[in-house]
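Below is one structure, written out as C-alpha cells; the observations come after it.
Per chain, numbering begins at 1; letters A, B, ... match sequence-line order.
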2 protein chains.
Amino acid sequence: MKTTQFTIGQLAQRAKCKVETVHYYEKSGLMPEPPRTEGGHRLYALSDVKRLNFIRRCRELGFSIKQIKDLLKFIDEPNHYCGEVKAMATLQARDIQQKINDLQRLQSGLNEMIIQCKGEGFTIDNCPIIDALYIVDEPLIK
Amino acid sequence: MKTTQFTIGQLAQRAKCKVETVHYYEKSGLMPEPPRTEGGHRLYALSDVKRLNFIRRCRELGFSIKQIKDLLKFIDEPNHYCGEVKAMATLQARDIQQKINDLQRLQSGLNEMIIQCKGEGFTIDNCPIIDALYIVDEPLIK
DNA sequence: CTTGAACCTGTAGTTACTATAGGTTGTATA
DNA sequence: TATACAACCTATAGTAACTACAGGTTCAAG
C-alpha cells in the first residue's frame, strides 16, 4: 500500500502558495495537522493538495478564513447540503458585485479628474485633481 | 482675529472618520501635529478639515498611506507640478481597472458555479461548487 | 462641586498573510 | 564516513491600515 506523500514544500508548490501560509492555515484550523516523519517533518497526501487548492481558490474568490472554515465544515461533516454552499456562494457573488460597483464609481470619478488635468506645466495650485479632493465638503461631481 | 477651531472629535466628524484614525494619521505623518490647549487637547483649523478630507478621499480611491504622503508633499512643497499628480492618478486608475477586471473574472466563474448548483436537497458529494473548487488541478472552465 | 463626555497616551488587537532567527533534518556528493 | 546545502522545524515579529481598549486627565454643564 503506497500512498503518495508530499513534504510541505511540495504541497505548497502544487497548491501555488507559500510554506509559511500552510503553517498559517494549519494554525488557523483550515488544514489538519498531518502525520510527521521521525525527524518531525510534515507528510501530506494528495487529498491535502486538493484541500489546500480549495482554500486558495476560496481566498481568491474573497471568502474570509472564517467563511472557508464554514465551507470546509460542510465538506468534512455529514448532514450538510449543497443548498448551504449555494447560499454562501450567492452572498459572496453579491459582495463581489458590490465591490465592482464601488470600484467603477471610483474609477469614473478618478477618470473625470484625470481628463480635466492638463498636466505638464501647471502648478499644484491649478490642479483639478487636487482641487476636487482637497476641499471641505463633498465634491460636486455626480 | 478669530479663527475657527475644532476639537479632534469635531474634526473627525466633519471628515467622516474616527478620532483614532486621526491619531493614526498624525503618527503616520499625514496630519501635522496641531497646537494644543493648556490642558493638552488638540486644536484644529478649517484647513485641517480639508486636509483630512483629502486623505480620506485618497484612501477611498485606493491610494496607500505612502502614496498619499507623496501627494501631500506635492501640495505642501513648492516646485511640484500638476503633471506629477496626474501621473500618480493615472497609475491608480490603471490599478483600479485591473482590480475591476480581476473581480469580474472571479464573478463570472462564481456565477457559473452558482447556476449549475441546483441547491435544495443535494448532498455535498454532488455539489458543483465544491466539485469545481476541491480538485487537484485548475478548473477546466474558461 | 459633581458628573459624564471628550480628550490624552500607550498598548494591543484585527485580518491575512509574510519574514526572520536560530536550530534540526534529510539528501547528495566526495 | 564526512561535508555541504537545501528544506524542514518552531516561535516571534513585521506588514498595512486601521480599530479597540485601558487608565488617567480635561472640559463643560447642571
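Of the listed residues (T21(A), I55(A), L72(A)), just one forms a side chain to side chain contact (heavy atoms under 4.5 Å, CB included) with M31(A), and that residue is I55(A).
The distance from atom NZ of K66(A) to atom C1' of dT14(C) is 15 Å, rounded to the nearest whole Å. Here dT18(C) presents its P atom at 13 Å from CZ of R56(A), a figure rounded to the nearest Å. In this structure, Q10(B) places its CD atom 10 Å from C1' of dA6(C), rounding to the nearest Å. At whole-Å resolution of the value, CD in E33(A) and C1' in dC9(D) are 13 Å apart. Rounded to whole angstrom, the span from the CG atom of L43(B) across to the C1' atom of dT26(D) amounts to 13 Å. Whole-Å rounding puts the F63(A) CZ to dA16(C) C1' distance at 17 Å. Rounded to whole Å, atom P of dC7(C) lies 8 Å from atom NE2 of H23(B). Here the P atom of nucleotide dA6(D) and the CD atom of Q13(A) are 16 Å apart, to the nearest Å.
A donor-acceptor distance shorter than 3.5 angstrom exists from the side chain of Q92(A) to the backbone of L61(A), with no hydrogens or angles considered. Distance alone, capped at 3.5 Å, is enough to place a donor-acceptor pair between the T37(B) side chain and the G39(B) backbone. Judged purely by atom type and a 3.5 angstrom limit, E84(A) uses its side chain to pair as donor or acceptor with the backbone of Y81(A).
For dC7(C), one of the phosphate oxygens OP1 or OP2 lies less than 4.0 angstrom from a side-chain nitrogen or oxygen of T7(B). OP1 or OP2 of dC7(C) has not a single side-chain nitrogen or oxygen of R42(B) nearer than 4.0 Å. Of the side-chain N and O atoms in R36(B), none sit less than 4.0 angstrom from OP1 or OP2 of dC27(D).
Set against dC8(D), dG26(C), dA16(C), the side chain of T37(A) has dG26(C) as its closest nucleotide.
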Between the protein and nucleotides 18-22 of chain D, which nitrogen or oxygen pairs are less than 3.5 angstrom apart?
| residue | atom | partner | partner atom | Å |
| --- | --- | --- | --- | --- |
| dC18(D) | OP2 | Y25(B) | OH | 3.1 |
| dC18(D) | OP2 | R59(B) | NE | 2.4 |
| dT19(D) | OP2 | T21(B) | OG1 | 3.1 |
| dA20(D) | OP2 | K18(B) | NZ | 2.4 |

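The two residues V19(B) and G9(B) make their nearest non-hydrogen contact at CG2-CA, 3.9 Å.
Each of G9(A) and S64(B) was matched to the nucleotide of DNA chain D holding its nearest heavy atom; the match closer to the 5' end belongs to G9(A).
When ring centroids are compared, F54(A) and Y134(B) come within the 6.0 Å threshold.
Both V136(B) and L11(A) belong to a common hydrophobic cluster when Ile, Leu, Val, Met, Phe, Trp and Tyr are linked at side-chain heavy-atom distances under 4.5 angstrom.
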